[in-house]
Amino acid sequence: MPQSLSPLSVPYRVLQRGSGIAVALAFGLGGGFEIPGLGPAGPIVLLLVAGLAALGLIAYETAYVRRFSYELTADTLDIDSGVFSRRSREIPLRRIQNVDISRNVIQRVLGIAVVSFETAGGGDTEAQLRFVSFEEAKRLQRELPRLKRQAERTGEEGEATEAAERGAVEPELEELFALDRSELAILGALSVDPRVPGVLFVLVSTVGSTIVPAYLTTVRGTTLVGVAAAVLVGVAVVSWIVGAVAAIVEYYDFRLVRSGDELQYERGLLQRYDGSIPFDKIQTLTIADNPLKRHFGYATLYIETAGYAPGGSSGGGSRGSEAAIPLAKRQHVLTLVEELEPLGDVDFQRPPTRARRRYLVRYLLVVGVFAAVLYAARSLLPVSFPLWPLLLLVPAAAGFAHATWKHRGHWLGDQHVVTRNGVLQRETKIVPYYRIQTVIDSRTVFQRRLGLATVTVDTAGSLSLGGQDAAAVDVSGERADELRAELEARLGRAVDAYRAGRAGIGVDEAADATSNGSVSGSSAEGGPDDSGAPDESGSTDA
Amino acid sequence: MNRLHPRVRLLWVARAVLTAAILGGVALAVQRILAPPWLPGWTPIGVFVGFGALGVVVALARYRVWRYEVREDSLYLERGVLTRVRTVVPFVRVQHVDTARSPIERVVGLASTVVYTAGSRGADVSIPGLAPDDADDLRERLKRLAIRSEGEDAV
């Protein structure tokens with residue numbers, strides 16, 4: 001039976017659309033705006049027009065809500081919508097990647113919510129229900145995996161009855177992770193918003209464009225260095241505060257729950273998000289940390305599906321996919337990863353040491369360019385400052401080159417390829433062989449000179465749009481040839497295994513029992529032995 | 001390993017010359033209209049010859065490097081002059097295959113085949129400069145192989 005949107009969505013939609021117009025009107029009236037030829041009657045006419053527009057808006061939104069209907073059938077989600085041009089959609093349930101519910105403060109007071117259904121196609125949310133009651137939203141989120149399971153069962157009649165019975169019972173909820181107050185505080189303390197310096201720079205360059213040069217000409221060299229240091233510290237503090245506030249607002253009261261074969265999360269202080277990620281849609285897991293987090297033993301985990309994640313482009317801050325765990329003790333993150341994708345012991349193979357030389361040259365070039373810019377500035381501007389502090393950057397560059405090399409690596413496991421890159425923002429990416437789309441081996445001129453190559457593993461994940469695919473960077477040329485062939489072969493084997501119904505993808509109890517004997521859920525200590533991994537070596541071909 | 005149709009060089013060289021001609025034209029316009037005194041008189045010619053030569057060299061080098069191979073389970077491409085790129089596209093991951101012929105390609109009598117995957121760089125995989133029959137053949141062959149190795153897709 002088709003269902004319709006919540007009646008409360010009419011006033012909310014009207015207010016949402018109308019508020020912008022109302023603000024514009026208020027400005028027009030308040031500013032003594034006069035329509036020529038109407039004289040003193042102008043404001044009255046304007047009010048009349050506004051009233052008519054409001055009526056029209058109410059009529060349109062009422063019609064929209066009344067003409068919008070959706071229905072969850074046995075294997076599709078049907079949506080009919082549109083006032084003037086009608087649109088009917090049927091979305092196969094098994095194509096739905098995740099279901100997300102979001103509510104801002106007003107919506108929470110009214111008890112309504114936005115439900116977004118994500119599919120892999122396109123870069124946009126496939127279907128949105130604006131708005132249904134929160135209970136209805138939860139019901140949809142609950143019902144969808146149940147119907148999906150049912151459809152699968154009818155689809156594969158020959159499936160073992162044990163699995164069928166498992167699907168029939170209501171899935172038990174298991175809390176995997178909850179962010180408590182102290183962790184939230186630490187998360188805030190460790191979050192630095194990298195965009196703040198840019199914004200501040202724009203502000204200063206527009207607002208303070210006259211003050212800054214005037215000031216620069218009055219002060220002397222040593223004071224200038226002090227002022228520059230103070231400004232740097234100030235910018236750092238502001239970015240830190242903004243990052244902390246954003247992180248706390250975003251991840252307040254974060255909870256991650258496992259429900260059957262889905263992950264469900266809730267988070268947010270002002271805008272509340274409530275989403276589900278089916279295990280069998282997971283494309284990539286990313287463990288991210290920075291030097292601070294590493295020092296205190298924390299890490300972040302991102303779970304990536306092929307769907308488009310809420311708040312990705314418009315919400316700002318998050319990077320396309322939702323952080324499954326914004327911050328947790330590293331051990332905790334690894335335990336969860338082990339539960340989602342049984343990895344075993346990861347033993348990274350670092351790039352050959354000649355890659356380190358490459359990084360040193362690269363960072364020294366950066367220092368050189370910086371020095372040249374400063375030198376030019378000193379000779380062109382009427383200020384003088386010493387250049388010798390730049391020499392301090394040389395050992396820093398050397399250290400950073402070593403760190404870049406040290407943190408880089410790749411590893412081929414039983415079911416996954418794992419890569420690690422980055423120092424300040426280190427990302428460990430875990431890609432199941434089964435999720436590989438293409439394997440790309442690229443060698444720039446400079447890499448070819450040193451006999452190095454970068455092997456990128458492309459997946460259908462949404463996070464990778466920013467060009468951050470899992471990549472084994474600067475491996476030796478022979479290793480790259482080997483990796484290309486090996487990854488292709490292992491994808492083939494994973495696909496065969498999947499067809500045979502014993503894939504090691506996601507959490508699937510039946511699969512785990514047969515494939516590699518690793519027990520999901522309790523593999524925190526003593527992970528599965530990786531004796532089956534045909535090739536991994538901690539050695540570097542120095 | 002297959003190479004592209006030799007006539008694709010014609011296409012690429014023509015494109016390089018055209019680009020150089022446009023840049024030369026811009027230089028000519030700048031010289032005529034703005035006439036900066038520091039610009040020597042032979043600039044437009046220089047721009048045309050310089051960029052033309054560079055473009056032609058790159059086009060020829062690109063042809064020399066380009067290779068593709070339809071393997072048992074995957075499509076393998078090798079290309080790139082400055083950055084050498086080798087791509088492996090497993091047939092299980094092929095979503096669909098296109099043959100495209102732009103007007104210029106039609107004049108030269110060539111076609112290109114584009115292979116789409118669900119990956120975030122999906123449309124990157126295209127093979128330019130095939131004889132139309134070869135392109136159709138390749139498309140059919142890829143289609144058959146992709147269907148044969150059909151599996152549950154990864155998304």
A quick test of your reading: do over 12 heavy atoms of other residues, nucleotides or ligands sit less than 6.0 Å from [atom1] of [X]?
{"X": "Arg67(B)", "atom1": "CZ", "result": "yes"}
{"X": "Ile45(B)", "atom1": "CD1", "result": "no"}
{"X": "Leu39(B)", "atom1": "CG", "result": "yes"}
{"X": "Arg449(A)", "atom1": "CZ", "result": "no"}

**Asked** Quick one: side chain to side chain contact (heavy atoms under 4.5 Å, CB included) partners of Val57(B), sequence neighbours excluded?
**Response**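 Applying side chain to side chain contact (heavy atoms under 4.5 Å, CB included) to Val57(B) gives none.
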**Prompt:** Which residues satisfy the side chain to side chain contact (heavy atoms under 4.5 Å, CB included) test with Leu28(B), sequence neighbours excluded?
**Reply:**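 With sequence neighbours excluded, Leu28(B) shows a side chain to side chain contact (heavy atoms under 4.5 Å, CB included) to Gln31(B), Pro44(B), given in chain and number order.
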**Request:** Evaluate the side-chain contact (heavy atoms from CB on, under 4.5 Å) criterion for residues Asp73(B) and Glu488(A): first the C-alpha distance (whole Å), next the side-chain angles of each, then the deciding distance (0.1 Å), finally the verdict.
**Result:** CA-CA 9 Å; Asp73(B) 292 321; Glu488(A) 190 198 338; 3.9 Å; yes
**Asked** Where does Val81(B) contact chain A at under 4.5 Å (heavy atoms): side chain, backbone, both or neither?
**Response** backbone
**Arg448(A) side-chain N/O to Leu82(B) backbone N/O, donor-acceptor pair under 3.5 Å** =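 Judged by distance alone, yes, a pair lies under 3.5 Å.
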**Distance, nearest 0.5 Å, that separates OG1 of Thr117(B) from CD1 of Ile436(A)** =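 One finds 12.5 Å between OG1 of Thr117(B) and CD1 of Ile436(A).
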**Request:** Would you name the heavy atoms of Val85(B) and Ser442(A) that are closest together and state the gap between them?
**Result:**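 Between these two residues, the closest heavy atoms are CG2-CB, 3.9 Å.
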**Asked** So, for Pro90(B) and Leu491(A), which heavy atoms are closest and what is the spacing to 0.1 Å?
**Response**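 For Pro90(B) and Leu491(A), the tightest heavy-atom pair comes out as CG-CD2, 3.2 Å.
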**Item:** For Thr87(B), the option from Ile440(A), Asp441(A), Asp458(A), Thr456(A) that meets side-chain contact (heavy atoms from CB on, under 4.5 Å)
**Value:**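 Result for side-chain contact (heavy atoms from CB on, under 4.5 Å) with Thr87(B): Ile440(A).
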